Enquirer: 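Input: one structure, supplied below.
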Amino acid sequence: MYHEQLRRISRWLDALFRSSASALELLADLVSGAEDVELHTVVTFRAVVDAVIPETPELDPELGPEHVSGGLAVGLEEFVVTYVDDGFQLGLPYIGPRGNIPLADPIAQILDIAALTLLDRGENTADLDDDRPLSLLDPGEASPRAVRKAAGAFSKLSRRDRLRAIGLLDELELEISQFEGELFEFDGGLVGQLVVGFTEMIYYSEWQGYDEFTQPPSERVHPNDAAAVQSWRQTGYPGFSDGYAALRGYLGDDDGPLGEGEVWTTIDDGGAVRVVREPGSFRENDYDTSDYADPYPE
């Protein structure tokens, strides 16, 4: 018990020292205008990508080799860090190289805090492993010593425990009212939605096909080749096509919530499938949902 308390204190002191050093480096970057991404941030976001969109070799026999690779195979974490730093910033004008503070590094620190909280509660299903951060980088990309020094608690968790740690952020809420009429609110759940939701959204988008994704949209060129985007190969998406998977209307009937409308044309010879213009509007239906139970209440 005594040794466990010492390890717990050591982990929190390490996180505190890391956060302080990171804050000082961020301040130096803001003053100098530099925008280098810290190794700790790189490792942490790779740990996020590895947990959210992992490599899945077990799918090869069933679905084929194109379904094996995960987000790390296409450098997804690099885009996510760029996306977070450029698209989600604190509204502090006149600060930083772009008039703002990039958020990828603070988010990485928050993920470490979530990991430590998971460990303190004993809700982790596997022990921390110092070798897990090493597996997230390519050989020769950084020295093992540098990686172990930079890696925080989050990247040392197992994949499942990383997701559990992210889930704990839903409990973190902060409200500060320094002056009357002014309120600063922070919901930790937004961090979880950002690192999970946007990682998934970006992976299944067209970003990988661009030669340079940091260019303005008007200057980007995309090959529109299904074979050039890993997620497109995995999902069978054929590429950009006018009207592909677009909403073309609602299927209804005379007694349905859309009601009747003026028949424009029929699809089949019997007239059972009709295309109508200006059908009715949605209205309350008669379904009884009083005994409905959410199958996934979490």
Side-chain angles (χ1 to χ4, degrees), residues 37 41-88 102-104 107-108 111 132-139 141 154-155 157-167 169 189-248 296 298:
V37 179
T41 304
V42 173
V43 172
T44 303
F45 273 84
R46 288 193 185 186
V48 169
V49 170
D50 181 60
V52 176
I53 306 177
E55 185 178 277
T56 50
E58 65 275 9
L59 295 181
D60 187 0
E62 179 184 358
L63 301 176
E66 67 273 16
H67 292 273
V68 172
S69 300
L72 292 180
V74 292
L76 178 60
E77 80 291 337
E78 180 183 352
F79 184 91
V80 175
V81 169
T82 301
Y83 190 76
V84 169
D85 278 347
D86 289 352
F88 295 86
L103 294 181
I107 286 176
L111 292 174
R132 287 195 181 106
L134 293 174
S135 67
L136 301 172
L137 280 78
D138 296 328
E141 188 173 357
F154 181 83
S155 61
L157 293 172
S158 68
R159 286 171 175 167
R160 291 185 181 275
D161 285 341
R162 289 175 220 158
L163 297 178
R164 288 187 176 93
I166 292 174
L169 292 173
L190 294 176
V191 174
Q193 295 173 27
L194 177 64
V195 297
V196 174
F198 280 96
T199 296
E200 294 173 338
M201 182 194 74
I202 292 169
Y203 180 73
Y204 290 104
S205 73
E206 80 290 351
W207 75 273
Q208 189 195 348
Y210 292 115
D211 291 333
E212 180 52 66
F213 54 75
T214 59
Q215 292 177 332
S218 60
E219 299 178 12
R220 298 176 191 168
V221 177
H222 198 285
N224 196 23
D225 179 7
V229 181
Q230 178 174 294
S231 62
W232 288 6
R233 295 194 300 271
Q234 293 176 342
T235 57
Y237 183 67
F240 307 144
S241 176
D242 291 341
Y244 183 87
L247 176 63
R248 295 187 174 93
Y296 304 105
E298 296 179 357

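If you read the sequence from its start, that first residue is 1, and numbering goes on from there. Just so it is clear, the structure is predicted and the values come from calculations on it, not from any experiment.
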Enquirer: Are Phe154 and Val43 close enough, and set up right, to give a side chain to side chain contact (heavy atoms under 4.5 Å, CB included), and what steps lead you there?
Expert: CA-CA 9 Å; Phe154 181 83; Val43 172; over 6 Å; no

Enquirer: So, Arg132 and Asp50, do they make that salt bridge, N to O below 4.0 Å?
Expert: no

Enquirer: Could you give me the CA-CA distance, side-chain angles and deciding distance for Thr199 and Phe45, then say whether side chain to side chain contact (heavy atoms under 4.5 Å, CB included) is met?
Expert: CA-CA 10 Å; Thr199 296; Phe45 273 84; over 6 Å; no

Enquirer: Would the number of heavy atoms belonging to other residues, nucleotides or ligands and lying under 6.0 Å from CZ of Arg160 be above 12?
Expert: no

Enquirer: Which label fits Phe240 and His222: parallel for a plane angle under 30°, tilted from 30 to 60°, or perpendicular past 60°?
Expert: tilted

Enquirer: Show the nearest heavy-atom pair for residues Pro54 and Ala51, with the distance to one decimal.
Expert: CD-O, 3.8 Å

Enquirer: Measure across Pro133 and Ser155 and return the closest heavy-atom pair with its distance rounded to 0.1 Å.
Expert: CG-OG, 3.5 Å

Enquirer: Which atom names give the shortest non-hydrogen contact between Val84 and Ala104, and what distance separates them?
Expert: CG1-N, 3.7 Å

Enquirer: Could you report the tightest heavy-atom contact between Ala228 and Pro223, atom names first, then the distance?
Expert: CB-CG, 4.3 Å

Enquirer: Given side chain to side chain contact (heavy atoms under 4.5 Å, CB included), test Leu137 with Arg46 step by step and report yes or no.
Expert: CA-CA 8 Å; Leu137 280 78; Arg46 288 193 185 186; 3.5 Å; yes

Enquirer: I'd like to check the side chain to side chain contact (heavy atoms under 4.5 Å, CB included) partners of Val74; sequence neighbours left out, ordered by chain and number.
Expert: Leu76, Tyr203, Trp207, Gln208, Gln230

Enquirer: Report the C-alpha distance between Val48 and Glu77 in whole Å, list the side-chain angles of each, state the deciding distance to 0.1 Å, and finish with yes or no for side chain to side chain contact (heavy atoms under 4.5 Å, CB included).
Expert: CA-CA 8 Å; Val48 169; Glu77 80 291 337; over 6 Å; no

Enquirer: Taking all heavy atoms of His67 and all of Gln234, pick out the closest pair and write down the distance.
Expert: CE1-O, 2.7 Å

Enquirer: Quick check against the 3.5 Å criterion: does Tyr210 have a side-chain atom that pairs as donor or acceptor with the backbone of Glu212?
Expert: no

Enquirer: Exactly one of Leu111, Leu157, Val195 should register a side-chain contact (heavy atoms from CB on, under 4.5 Å) with Arg162. Which one does?
Expert: Leu157

Enquirer: Check whether Asp60 reaches the backbone of Val68 with its side chain - one donor and one acceptor, N or O, closer than 3.5 Å.
Expert: no

Enquirer: My understanding is that only residues two or more places apart in sequence, or in another chain, count here; which of them pass side chain to side chain contact (heavy atoms under 4.5 Å, CB included) with Glu66?
Expert: none

Enquirer: Does a side-chain heavy-atom distance below 4.5 Å link Leu163 with Val52?
Expert: yes

Enquirer: Just so I know, are the side chains of Val81 and Val42 near enough to count as touching, which here means a heavy-atom distance under 4.5 Å?
Expert: no

Enquirer: Going by the angle between their ring planes, with limits at 30° and 60°, are Tyr83 and Phe198 parallel, tilted or perpendicular?
Expert: tilted

